[in-house]
2 protein chains.
Amino acid sequence: MRIGELSERTGTPRRLLRYYEEQGLIAPDRLPNGYRDYDERLVDRVRQIRGLLDSGLPTRLIRLVLPCLDRPCTIHFPDPTPEMLATLEHELARMDDRISCLTRNRDAVADYLATVRAGAPAPVPAVPPPGDGTDPEAPVSTVSGARER
Amino acid sequence: MRIGELSERTGTPRRLLRYYEEQGLIAPDRLPNGYRDYDERLVDRVRQIRGLLDSGLPTRLIRLVLPCLDRPCTIHFPDPTPEMLATLEHELARMDDRISCLTRNRDAVADYLATVRAGAPAPVPAVPPPGDGTDPEAPVSTVSGARER
DNA sequence: ATTGACCTTCACATCAATGGCAGGGTCTGA
DNA sequence: TCAGACCCTGCCATTGATGTGAAGGTCAAT
């Protein structure tokens with residue numbers, strides 16, 4: 001298929017499809033006239049790329065990770081250098097961090113929504129203690145995440 | 001504590017601590033001399049912010065979500081407008097998308113690493129079929145994710 | 001042969017998250 | 001009082017992911 005169809009089927013601007021190609025994430029064939037010719041399975045591939053981008057992975061890492069994701073034949077690219085394996089290992093850990101960070105916060109938001117929907121909608125104290133508007137006690141947050149990128 | 005200490009304890013450049021403040025994610029007090037004065041619990045808060053940023057949430061959404069995350073008193077900000085609740089609901093769904101996308105891909109990478117480490121490290125065909133270097137059969141990817149931001 | 005819908009490349013603009021620096025105040029200790 | 005370490009407020013640069021438009025080629029249908 002050509003770029004227009006892929007764009008529609010994935011909801012991705014053509015511009016970005018070309019950009020992903022430029023970044024080495026996809027490599028469409030070319031028709032005799034120079035038009036890009038996208039294989040059917042690139043539909044999923046593009047969705048995958050966008051999901052990962054949306055989850056905070058830069059194209060650089062996606063490029064690294066993609067070769068591991070072609071499911072049926074996992075042995076896909078030939079000689080993973082030790083450095084590459086180490087990097088993958090490392091990125092795997094970071095993905096775990098991301099997942100747990102997101103999960104914790106997702107749960108917190110879900111709890112919040114549940115509470116609001118269920119109970120009386122925010123029992124505002126009828127008579128606020130006069131004087132200061134300061135919040136006396138300190139709620140403690142418990143979520144964290146790593147960095148480095 | 002002042003900005004330098006917070007910076008060291010969270011591994012965050014001072015520049016960014018000021019940026020997060022500018023974005024409405026944190027609101028430190030000011031000492032009489034104008035120096036920023038950070039509360040102890042902002043340490044966790046900053047780590048949380050960075051985790052979320054690293055997971056792909058823009059500051060705009062973090063700002064939206066943060067008020068729901070102060071655990072002990074979940075009823076924290078008074079009148080969640082219906083629009084705000086709807087937005088939260090929506091973002092909750094997107095967080096779920098992100099989580100499942102990340103999880104699928106994490107698993108795939110983990111599988112890959114396991115396979116490589118376990119079996120013979122990539123049985124490269126001794127005599128590659130002469131002529132083309134083209135990969136005949138097509139592996140199919142199965143992961144996807146949504147978009148919109 | 002011309003129109004319109006598609007495609008090409010190239011280039012510049014934008015936005016969010018960051019890095020960096022300049023010019024200047026504050027405080028502590030020698 | 002001077003140095004050094006810290007803080008302040010701008011402001012401009014960069015990077016990655018995108019938007020957008022110009023100038024032009026291809027192709028199917030009229």
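Heavy-atom basis, side chains included; hydrogens, waters and symmetry copies ignored. Because the structure is predicted, anything quoted here is derived from the model rather than measured. Order of the sequence lines fixes the chain letters, A, B, ..., with proteins taken first and strands second; residue numbering starts at 1 for each chain.
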Rounded distance [0.5 Å steps], CD1 in B/Ile99 versus CZ in B/Arg94: 12.5 Å
What is the distance, to the nearest angstrom, from the CG atom on B/Leu17 to the P atom on C/dT18? 11 Å
Distance-only, no hydrogens or angles: does the A/Arg63 side chain make a donor-acceptor pair with backbone N or O of A/Gln23 under 3.5 Å? yes
A/Thr10 side chain to A/Leu6 main-chain N or O, any donor-acceptor pair under 3.5 Å? yes
From the set D/dA17, D/dC27, D/dC8, return the single nucleotide nearest to any side-chain atom of B/Arg36. D/dC8
Under 4.0 Å: is that the gap between some side-chain N or O of B/Asn33 and OP1 or OP2 of C/dC27? yes
In this structure, how many angstroms lie between the P atom of D/dT18 and the CD atom of A/Glu21, rounded? 16 Å
Do B/Val109 and A/Met84 share a hydrophobic cluster, counting only Ile, Leu, Val, Met, Phe, Trp and Tyr and linking them when any side-chain heavy atoms are less than 4.5 Å apart? yes
Between B/Glu22 (CD) and C/dA16 (C1'), how many Å, whole number? 11 Å
Respond yes when some side-chain nitrogen or oxygen of B/Tyr19 is under 4.0 Å from OP1 or OP2 of C/dG19, and no when none is. no
Looking only at D/dG25, C/dT26, D/dA17, the nucleotide nearest the A/Thr59 side chain is D/dA17
When rounded to whole Å, the CZ to P distance for the pair B/Arg14 and C/dG19 reads 13 Å
Return whichever of B/Pro13 or A/Tyr35 has its heavy-atom-nearest nucleotide of DNA chain C closer to the 5' end. A/Tyr35
Whole angstrom is fine here: how far is it from CG in B/Leu16 over to C1' in D/dT9? 16 Å
Rounding to an integer number of Å, can you tell me how far A/Gln23 CD sits from D/dG16 P? 8 Å
Separation of atom CZ in B/Arg50 from atom P in C/dA16, rounded to whole Å: 18 Å
When all nucleic acid strands are considered with a 4.0 Å heavy-atom cut-off, which category describes A/Ile3: base, sugar-phosphate, or nothing? sugar-phosphate
May I ask you to say what A/Arg2 touches in the nucleic acid, namely base, sugar-phosphate or nothing, with a heavy-atom cut-off under 4.0 Å? sugar-phosphate
Students often get this wrong, so: under 4.0 angstrom with heavy atoms, is B/Arg18 touching a base, only sugar-phosphate, or nothing? base
Ranking B/Glu5 and B/Arg15 by the position along DNA chain D of their nearest nucleotide, the one closer to 5' is B/Glu5
Say whether, by atom type as modelled, one donor and one acceptor occur between the side chain of A/Asp54 and the main chain of A/Arg50 under 3.5 angstrom. no
Take atom CG of A/Leu31 and atom P of D/dT26, then tell me their distance rounded to the nearest Å. 13 Å
